[in-house]
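Before we start, here is the structure in question, set down as structure tokens.
Here is how names work: the chains are called A, B, and so on, in the same order as the sequence lines, proteins then strands, and each is numbered from 1.
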Amino acid sequence: MQTSLGSSQSPQSPPPPPTKKPPNLPTFSNPSQLKQLHAHLLRSNQPLTLLSPSQITSVCSSSSSSFNYANLLLTHSFKNPLIVLWNSPLKSLSDSPSPSSALSLFSLLRRADLLPDTFTCSFVLKACSALTDLITGKTVHALVEKLGFRSDLFLSNTVLHMYASCGSLGNARLLFDKMPNRDVVTWNLLMTNLAKAGDLASARSLFDDMPERSVRSWTAMISAYVHFGDPDEALCVFAMMEDEGVIAPNEATVVTVLSACADSGALCVGKRLHAYSDRKGFLRRGNVRLQNALIDMYVKCGCVDEARRVFTSMGERTVVTWSTMIGGLAMHGQGEEALELFSGMTRLGFQPNGVTFLGVLHAYSHMGLLDEGRRFFKSMGEDHGVVAEIEHYGCMVDLLSRAGRLHEARELIEQMPIEPNSVVWGTLLGGCRVHKNAEMAEEAIGRLVELDPMNDGYYVVLSNIYAEAGRWADVAHVRRAMRARGVRKTPGWSSIEIDGGSGGGVHVFVAGDSTHDRAKEIYETWDELLGELRQRGYVADTREVLLDMEVEEEKVKVLYKHSEKLAVVFGLLSTPKGATIRIMKNLRVCNDCHNVMKLISKIENRKIVVRDRNRFHCFEGGLCSCGDYW
DNA sequence: TCACGAGTTA
């Protein structure tokens, strides 16, 4: 028994396997049990080394009296450097939900004159980071310097991390500049924290200057661009990474780049990453986050069937998986299936969260199921305990106002317990456009001008409403107001990605575009197609043309050059017969383009998927998945 | 004791 205890005391040797544990090794789980045991050992003349020193520190780390008692006991009975024994509870406290107890223990250590080692410092710094306690962090940094640990690279990185976590990027930079050695972690730390603070330019220049980059450096840079809404730049950095070919993307990289693909609609890159993940065995290992990212990418690139395939193949799912798929189906106008999935997940015992409910509410909204949606909104709080947030109210406003209940929608906005934002009022404005209610639109725009004065979209919707009603003086008035405020209409564009070699890649069109290599061919084909459309009874719908033109012909000319029309014609020219055409738009699709897409899908026997600002339209056989309700 | 840096849904 003595010998086996002796070996378990030594910190170098591994703990004995549980089966070899002596059956009557004294254990204790609090200081008073320890004291009883201590007394018992003294009385029965047994050695105090029967007590496990690490158990002593872990049980006695939370109060000053037990600390002092344990410290005395350890000093007299054990030869180990005490600090090593105290580091262990210090580490677990700094990892715990209340890291401040690590700081309390640290001050007891200091008062007991125990000299911290590098481990002590790093654990305390970790607690400071978690608590964003800059004051204590600075004290520990000073101590690190005083104790001569400056050249410990790992510890210096931990100090840098502490400054960054406490929001003191100035100190982080200062430390970075005077560090005698830096490694790739040092660079990554400063770079990611600059990026997190929104200083993408500094982060990028640091990234460009790095003497060496790890897979984390690349992932962090890509992630920063995705996070700040520049997925195209994120994809550029990823392309650089592939060109260099030094470092292979890992699972985290793939997840990040997939979200860039989702945001920018880069289906080709997304598909390639899917194949890559398969080859690398990422999917076999059942990485749920990666599969979730794949579902999201396919959904947002207009391939809901492919998304469903990934979803079905998954052995393990999380609430994120379900929410992504439900929201994706809703976005694609497949509301019934979204609702079925919701029942499925609750049947399986998954607890839906706020995001799940948003997806379901979207589904109701797209299906125009007013009463069901209302009931669901109520049950969300009552049966599932999920508190409605502003996005949920936004969905309800959408549901009500698109169903024509504009007054109820406005009432909801006034009664909601959260201060309504521009999105909520903008949603009501959208409903006003559908139901041609200029009066309420004016009220909504009144609020919007205060909440989000530089957003051109709202003015455009209002002037659409006036234009549809032929109120050209009011249209002009809105345009003057925009000019006066310096608001400019966002130019519309549509993009289409073509697979493969020459002519492959993303092609972007703006309205009236004549810069494309094949512009002449595009316009000629479009003219022919137009003839056929007219034969089938198509008449241009100029109600949404904003310009006050005397001649109807002029309006029609403007309409025919809308970017999505050019993109779809180019798609017809550049993809094999029968292939699906996928288009992305930065604005809402207009009525006339919606009609044209339906007809083209029928004439050319093609599936056309258009992603606009809010949702997807899938045109097939002359119909749209939105049921003309959008 | 074995420390610091990247990733999914609205």
Next on the checklist: Whole angstroms only, please: what is the CD-C1' distance between A/E212 and B/dA6?
Outcome noted: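 Atom-to-atom, A/E212 to B/dA6, this comes out as 15 Å.
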Item to check | Sugar-phosphate only, base, or nothing, as touched by A/E251 at under 4.0 Å among non-hydrogen atoms | outcome: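 Base, at least one base atom sits under 4.0 Å.
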Checklist entry - Quick one: is A/T192 getting a side-chain N or O under 4.0 Å of the B/dG5 phosphate, OP1 or OP2? => result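 Checking A/T192 against B/dG5: no side-chain N or O falls below 4.0 Å of OP1 or OP2.
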Next on the checklist: Please confirm whether the shortest side-chain N or O distance from A/K196 to OP1 or OP2 of B/dA6 is below 4.0 Å.
Outcome noted: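 Yes, such a contact exists.
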Checklist entry - Are any of the side-chain nitrogens in A/D305 or A/R309 under 4.0 Å away from the carboxylate oxygens of its partner? => result no
Checklist entry - Any side-chain N or O of A/K126 less than 4.0 Å from the OP1 or OP2 oxygen of B/dG5? => result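 No, outside the criterion.
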Item to check | Heavy-atom donor-acceptor pair, A/N250 side-chain to B/dA6 base, under 3.5 Å | outcome: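 Counting by modelled atom types and ignoring angles, a donor-acceptor contact under 3.5 Å is found here.
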Next on the checklist: Using whole Å, what does the distance between atom P of nucleotide B/dA10 and atom NE2 of A/H362 come to?
Outcome noted: 10 Å
Next on the checklist: Tell me if the side-chain of A/S214 makes a donor-acceptor pair with the base of B/dG5, cut-off 3.5 Å, by modelled atom types.
Outcome noted: yes
Next on the checklist: For A/W425 together with A/Y458, are the ring centres under 6.0 Å from each other?
Outcome noted: no
Checklist entry - A/A293 has a side chain; which of B/dT8, B/dA3, B/dT9 sits nearest to it? => result B/dT8
Checklist entry - Atom CE of A/M162 to atom C1' of B/dA3: distance rounded to whole Å? => result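 The distance from CE of A/M162 to C1' of B/dA3 comes to 15 Å, rounded to the nearest Å.
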Checklist outcome for this item: To the nearest angstrom, the CG-P distance between A/L82 and B/dT1 comes to 16 Å
Checklist entry - Looking across every strand, which nucleic acid part, if any, lies under 4.0 Å from A/N287 by heavy atom: base, sugar-phosphate, or nothing? => result base
Next on the checklist: From CZ of A/R216 over to C1' of B/dC4, roughly how many Å is that when rounded to an integer?
Outcome noted: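 Rounding to the nearest Å, CZ of A/R216 and C1' of B/dC4 are 9 Å apart.
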Checklist entry - Is the ring of A/F154 stacked on the base of B/dA3, with centres less than 5.5 Å apart and planes under 30° off? => result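 Stacking is present between B/dA3 and A/F154, given that their ring centres fall under 5.5 Å apart and the planes under 30°.
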Item to check | Integer-rounded Å distance: B/dA10 P and A/D398 CG | outcome: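 Going from A/D398 (CG) to B/dA10 (P), I get 16 Å.
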Checklist entry - Under 4.5 Å between any side-chain heavy atoms of A/I326 and A/M345, yes or no? => result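 Heavy-atom side-chain distance check passes, below 4.5 Å.
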Next on the checklist: Less than 4.0 angstrom from a charged side-chain N to a carboxylate O is my criterion; do A/E306 and A/K271 meet it?
Outcome noted: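 Result for this pair is no, no salt bridge flagged.
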Next on the checklist: Please report whether the ring centroid of A/F342 lies less than 6.0 Å from that of A/F376.
Outcome noted: yes
Checklist entry - Pick from A/V355, A/V288, A/N292: which one makes a side-chain contact (heavy atoms from CB on, under 4.5 Å) with A/V320? => result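 Per the side-chain contact (heavy atoms from CB on, under 4.5 Å) rule, the option paired with A/V320 is A/N292, out of A/V355, A/V288, A/N292.
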Checklist entry - Choosing from B/dA10, B/dA3, B/dT8, which nucleotide comes nearest the side chain of A/S122? => result B/dA3
Item to check | Sugar-phosphate, base or nothing in reach of A/T253, heavy atoms under 4.0 Å | outcome: nothing
Next on the checklist: Can you measure A/I83 atom CD1 to B/dT1 atom P for me and round it to whole angstrom units?
Outcome noted: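 In whole Å, B/dT1 P lies 15 Å from A/I83 CD1.
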Next on the checklist: What's A/T324 touching, base or sugar-phosphate or nothing? Going by heavy atoms closer than 4.0 Å.
Outcome noted: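 The residue A/T324 makes sugar-phosphate contact but no base contact.
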Checklist entry - How would you label the contact of A/N87 with the nucleic acid (heavy atoms, under 4.0 Å): base, sugar-phosphate, or nothing? => result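 Here A/N87 touches the bases of the nucleic acid.
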Checklist entry - Atom CE of A/M191 to atom C1' of B/dG5: distance rounded to whole Å? => result 9 Å
Next on the checklist: Under 4.0 Å, heavy atoms only, any strand: does A/D95 hit a base, just the sugar-phosphate, or nothing?
Outcome noted: nothing
Checklist entry - Ring-on-base stacking between A/F123 and B/dA3, under 5.5 Å between centres and under 30° between planes: is it there? => result no
